[in-house]
Amino acid sequence: MSKFGLEESEYTALCQDIDLVIHCAAFVNLVLPYSALFSANVDGTNNVVSFCLERKLKPIHYIRFVKQSVFYNRIFTSQRIYDGLCTRI
């Protein structure tokens, strides 16, 4: 979706007003093939990069996919990882 589905005036204003972008959006599915995920993830990231280059440069802070997972009887969530904590199940 080009320009995030915004009207041109809204998009232009955001391009000028926003100073940085935190990009954590992703379509994640461990069953679907790469081709089914490509548009949402690759094209979507390309749109974010284009936005960051428009009007003025804006740094991108990319957050990688972190899913709740079980490892050695401990559960790690993105918040717990961020806080540097872990909790036993």
Q | CG-CZ distance between Leu14 and Arg55, expressed to the nearest 0.5 angstrom | A | 11.5 Å
(Q) With rounding to the nearest 0.5 angstrom, report the CG to CD1 distance, Leu20 to Ile60. (A) 10.5 Å
Q. Other hydrophobic cluster members with Val42, side-chain heavy atoms of Ile/Leu/Val/Met/Phe/Trp/Tyr under 4.5 Å, chained?
A. Tyr34, Phe38
Q | Side-chain touch Thr12/Glu54, heavy atoms, less than 4.5 angstrom | A | no
Q | Linked hydrophobic residues, Phe27 as query - side chain contacts closer than 4.5 Å | A | Leu32, Leu37
Q. Judged by atom type as modelled, is there a donor-acceptor pair below 3.5 Å linking the side chain of Lys58 to the main-chain atoms of Cys15?
A. yes
Q.
Can you confirm whether more than 12 heavy atoms, excluding those of Gln16, are under 6.0 Å from its CD atom?
A. yes
Q.
Does the plane of the ring in Tyr11 sit parallel, tilted or perpendicular to the ring in Phe4? Use 30° and 60° as the thresholds.
A. tilted
Q. Would you say Val21 and Tyr62 make side-chain contact, with heavy atoms under 4.5 Å?
A. no
Q | ILVMFWY cluster, Ile63 and Ile18 together (side-chain gap under 4.5 Å) | A | no
Q: Output the distance between atom CG (Asn47) and atom SG (Cys52), rounded to the nearest 0.5 Å.
A: 11.0 Å
